[in-house]
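Presented below is the structure to which this report refers.
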Amino acid sequence: MRYDLVIFDNDGVLVDSEPLSNRHLAAYLTELGHPTTYEDSIRDYMGSAMHRVHDLIEERTGQRLPADFDDVFHARVFAAFERELKPVLGVADMLEKLTADGVPYCVASSGSHERIRVGHRAAGLDRFFDDSRIFSSQDVGRGKPAPDLFLHAAERMGTAPDRCVVVEDSPLGVQAAVAAGMDVYGFTAMSPAEKLTGVTGLFGDMRELLPLLTGGDSAEN
C-alpha cells in the first residue's frame with residue numbers, strides 16, 4: 001500500500017447519490033423561483049456544502065433562501081435515498097478488501113453527519129463506517145474547496161497529510177485535497193476528466209482503484 005490512510009468522499013464515490021440529490025436540488029430551487037437545471041446543479045453545487053447553495057443564490061439574485069430550505073431539501077433527498085439509493089458499483093468489494101488487508105480508511109464529506117448515515121444505511125454500507133471513520137463539513141469552519149475537512153480527518157485518524165490519499169469525484173473536492181497536500185485520485189463517473197485538474201490519477205470504474213493505491217499504473221493528469 002502506497003498510503004497510510006485512504007480518505008473517501010461520500011456522494012458519488014461511495015453512494016450513487018449525486019443524480020438523486022442534484023435532481024431534487026434543481027427542482028426545489030426552481031420551485032422557489034430560481035430556475036435551475038440538473039446540469040446547472042451538477043456544475044455549481046456538486047461536492048459542496050449547503051452553505052454554497054445559499055451563498056451563490058444570494059450572490060446572483062440578492063435574495064436569501066428560506067430559513068427552512070435545508071430541512072425541506074434534506075427531507076426530500078432522504079426520502080429518495082430510502083427508495084432509490086444504491087452503493088457505487090464495486091464499492092462494497094473494495095471496502096471489504098481494504099478491511100481484510102487492515103488498510104485504514106474513512107469518509108470526509110461535504111454532507112451532514114445525518115446525510116452520510118442515512119445514505120450508508122440505505123445503500124448497505126453502514127457496516128464499514130462507525131462514528132470514528134465519519135467526518136463532515138459540519139466538523140470544520142469551511143467546507144470544500146478549503147482543505148480544512150481533509151486535514152481534520154487526517155489529524156483525527158493520526159496520519160500526516162502527505163501519507164494520505166483522497167478519492168474524489170468533484171472539482172471542488174479535488175481542489176480541497178490538493179490544498180491539503182494530499183494525493184488525490186479522480187473518479188470520472190460524474191465529472192469529465194478535464195474538470196478534475198491537479199489529480200494524481202484518474203479512474204472510471206471502482207475496480208480500477210485498488211491497483212492505483214497499491215502502486216499500479218495511473219492515468220496522470
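Counting begins at 1 with the first residue of the sequence.
For Arg156, the CZ atom counts as loosely surrounded, since its 6.0 Å shell holds 12 or fewer non-hydrogen atoms of other residues, nucleotides or ligands. At most 12 heavy atoms of other shown residues, nucleotides or ligands fall within 6.0 angstrom of atom CZ in Arg207.
Asp11 and Ser17 share a side-chain donor-acceptor pair at under 3.5 Å. Side-chain atoms of Arg115 and Ser21 include a donor-acceptor pair closer than 3.5 Å. Residues His120 and Asn10 have side chains that bring a donor and an acceptor to within less than 3.5 angstrom of each other. Side-chain contact check for Tyr3 and Asp183: at least one donor-acceptor pair (N or O, by modelled atom type) lies under 3.5 Å.
Using a 30° and 60° split on the angle between ring planes, Phe69 and His54 fall in the perpendicular class, above 60°.
Taking the charged nitrogens against the carboxylate oxygens, Asp148 and Arg142 do have a contact shorter than 4.0 Å, which makes a salt bridge. A salt bridge links Arg43 with Asp40: the distance from a Lys NZ or Arg NE/NH1/NH2 to an Asp or Glu carboxylate oxygen falls below 4.0 Å. Taking a cutoff of 4.0 Å between a charged side-chain nitrogen and a carboxylate oxygen, Lys97 and Asp101 qualify as a salt bridge. A salt bridge is defined here as a Lys NZ or Arg NE, NH1 or NH2 lying under 4.0 Å from an Asp or Glu carboxylate O, and Lys144 with Asp9 meets this definition. For the pair Glu59 and Arg52, the salt-bridge criterion is not met [side-chain N within less than 4.0 Å of a carboxylate O].
Both tests pass for Arg76 against the ring of Tyr28: distance under 6.0 Å to the centre and angle within 45° of the axis.
Taking hydrophobic clusters as Ile, Leu, Val, Met, Phe, Trp and Tyr residues chained together by side-chain heavy-atom distances below 4.5 Å, Val6 shares a cluster with Phe129.
The two atoms that bring Phe128 and Tyr105 nearest to each other are O-OH, 3.2 Å, heavy atoms only.
Residues Tyr38, Ile42, Met46 make up the rest of the hydrophobic cluster containing Met190, defined by ILVMFWY side-chain heavy atoms closer than 4.5 Å, directly or through other members.
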